[in-house]
Amino acid sequence: MNDIKYNTENERLILPDYGRNIQNMVNYCMTVKDRGERNRCANTIINIMGNMFPHLRDVNDFKHILWDHLAIMSNFKLDVDYPYETVKQENLHRRPPRLTYSNSNISYRHYGKMLEQMILKANELEAGTEKDMLVSLLANHMKKSFMIWNKDTVDDRKILKDLYELSDGKIVLHESSCKLVEKKDLQSHNTNNFKKQFVRKSNR
């Protein structure tokens, strides 16, 4: 009974997902004195580690990740010919740099910054079918976005007024000459209805 060794008495696993046996293999590999034999041992361990997670073989840099893990499990003490540049110990727990966020003002947050940029892009297009189609899609998308923010009322005049302001007064649509998609059709998310029911009276 005195020979029984409990897991709680074992050294803490560095990467528990691989289990105690793999960690023991890594520990043994570090004791191999001949470099060629040590390299063969390391490659054998990598193959076994890869076979443990066959569903991840299609993941980009899968083999590179395995070699990183091997270095980590050896506490970066395993001296072998790594086929990849492995992660550095000093970088292992380093926090990634803080992301910078745009501080640019958004005139109407419910429309989003991307839509505002697309409207300004539409300003640059020459008058014609392509511009008319883009403007129509933008106006209907604005109505859809407005409904998410305010589901009770959707006034086409409000949408057209906002479009005028966001385009710096360069896109002028009037309710009498432009009919946006009905509220019920926007709610159905039916693309075919979306295209069929957008009508520009001036093209009739």
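This chain uses plain numbering: 1 for the first residue, then up along the sequence. All values below come from the heavy atoms of this structure, side chains included, with hydrogens, waters and symmetry mates left out.
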Could you give me the CA-CA distance, side-chain angles and deciding distance for Leu15 and Met49, then say whether side chain to side chain contact (heavy atoms under 4.5 Å, CB included) is met? CA-CA 12 Å; Leu15 292 179; Met49 290 165 62; over 6 Å; no
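- Note: Tyr84 and His64 have parallel aromatic rings, judged against thresholds of 30 and 60 degrees for the angle between ring planes.
- Although no hydrogens or angles enter the test, the distance criterion places no donor-acceptor pair under 3.5 Å between the side chain of Asn75 and the main chain of Lys77.
- Between Asp168 and Lys170, none of the side-chain N atoms (NZ, or NE/NH1/NH2) sits under 4.0 Å from a carboxylate O, so this pair counts as no salt bridge.
- Taking a 6.0 Å sphere around CE of Met133, one finds it holds 12 or fewer heavy atoms contributed by other residues, nucleotides or ligands.
- With rounding to the nearest 0.5 Å, the separation of SG in Cys41 from CG in Asp34 is 11.5 Å.
- Distance check, rounded to the nearest 0.5 Å: NZ of Lys161 to CD1 of Ile159 gives 11.0 Å.
- Ile22 and Val87 fall within a single hydrophobic cluster, where Ile, Leu, Val, Met, Phe, Trp and Tyr are joined by side-chain heavy atoms under 4.5 Å apart, directly or via other members.
- Counting heavy atoms of neighbouring residues, nucleotides and ligands inside a 6.0 Å radius, atom CE of Met30 exceeds 12 of them.
- Taking the salt bridge (charged side-chain N to carboxylate O under 4.0 Å, His left out) definition, one finds that Arg35 meets it with Asp79, Asp81, sequence neighbours left out.
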Candidate pair Val135 and Asp132, rule side chain to side chain contact (heavy atoms under 4.5 Å, CB included), full reasoning: CA-CA 5 Å; Val135 169; Asp132 290 344; 5.8 Å; no
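- The minimum heavy-atom distance between Ala139 and Leu180, with the atom names listed, is CB-CD2, 3.7 Å.
- Both Phe53 and Trp67 are assigned to one and the same hydrophobic cluster, defined by single-linkage of ILVMFWY side chains at heavy-atom distances under 4.5 Å.
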Could you check Asp162 against Lys158 for salt bridge (Lys or Arg N to Asp or Glu O under 4.0 Å), going step by step and ending with a plain yes or no? CA-CA 6 Å; Asp162 291 347; Lys158 168 64 176 170; 3.1 Å; yes
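- Between Met25 and Met73, the closest side-chain pair of non-hydrogen atoms is not below 4.5 Å.
- The hydrophobic clustering, which links ILVMFWY residues whose side-chain heavy atoms are closer than 4.5 Å, places Phe76 and Ile46 together.
- In this structure, Glu85 places its CD atom where only 12 or fewer heavy-atom neighbours from other residues, nucleotides or ligands lie under 6.0 Å away.
- Rounding to the nearest 0.5 Å gives a distance of 10.5 Å between CE of Met52 and CG of Leu66.
- The distance from atom CE of Met114 to atom CD1 of Ile119, rounded to the nearest 0.5 Å, is 12.5 Å.
- Side-chain contact check for Tyr18 versus Gln23: every heavy-atom pair is 4.5 Å or farther apart.
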Can you list the steps and then say if Met142 with Leu166 is a side chain to side chain contact (heavy atoms under 4.5 Å, CB included)? CA-CA 11 Å; Met142 288 173 65; Leu166 290 172; 4.1 Å; yes
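- Put simply, the side chain of Glu116 does not reach to within 4.5 Å of the side chain of Leu120, judged on heavy atoms.
- Using modelled atom types and a 3.5 Å distance limit, the side chains of Arg57 and Asn51 yield a donor-acceptor pair.
- Annotation for Gly169 and Val172: closest pair O-CG2, 4.0 Å, computed over non-hydrogen atoms.
- Taking CD of Glu37 as the reference point, atom CG of Asn39 lies at 9.5 Å (rounded to 0.5 Å).
- Atom CD of Gln117 has more than 12 heavy atoms from other residues, nucleotides or ligands within 6.0 Å.
- Within the structure, ring pair (Phe, Tyr, Trp, His ring centres under 6.0 Å) pairs that include any residue of residues 31-52 do not occur (at least two apart or interchain).
- In terms of heavy-atom proximity, Val26 sits nearest to Ser74 at CG1-CB, 3.8 Å.
- The shortest heavy-atom contact between Ile171 and Ala122 is CD1-CB, 4.2 Å.
- Atom NZ of Lys131 has more than 12 heavy atoms from other residues, nucleotides or ligands within 6.0 Å.
- Leu78 is listed as a side-chain neighbour of Cys29, based on a closest heavy-atom distance under 4.5 Å.
- One hydrophobic cluster, built from ILVMFWY side chains closer than 4.5 Å, cannot hold both Val80 and Tyr28; they sit in different ones.
- Contact between Leu115 and His141 at its shortest, heavy atoms only, is CD1-CD2, 3.0 Å.
- Considering every non-hydrogen atom in both Thr86 and Asp68, the closest pair reads CA-OD1, 3.1 Å.
- Here the straight-line distance linking atom CG of Asp156 with atom CG of Asn140 works out to 8.5 Å at 0.5 Å rounding.
- A 6.0 Å sphere centred on OH of Tyr164 holds no more than 12 heavy atoms belonging to other residues, nucleotides or ligands.
- There is no path of hydrophobic side-chain contacts, each under 4.5 Å, that joins Leu13 to Ile48.
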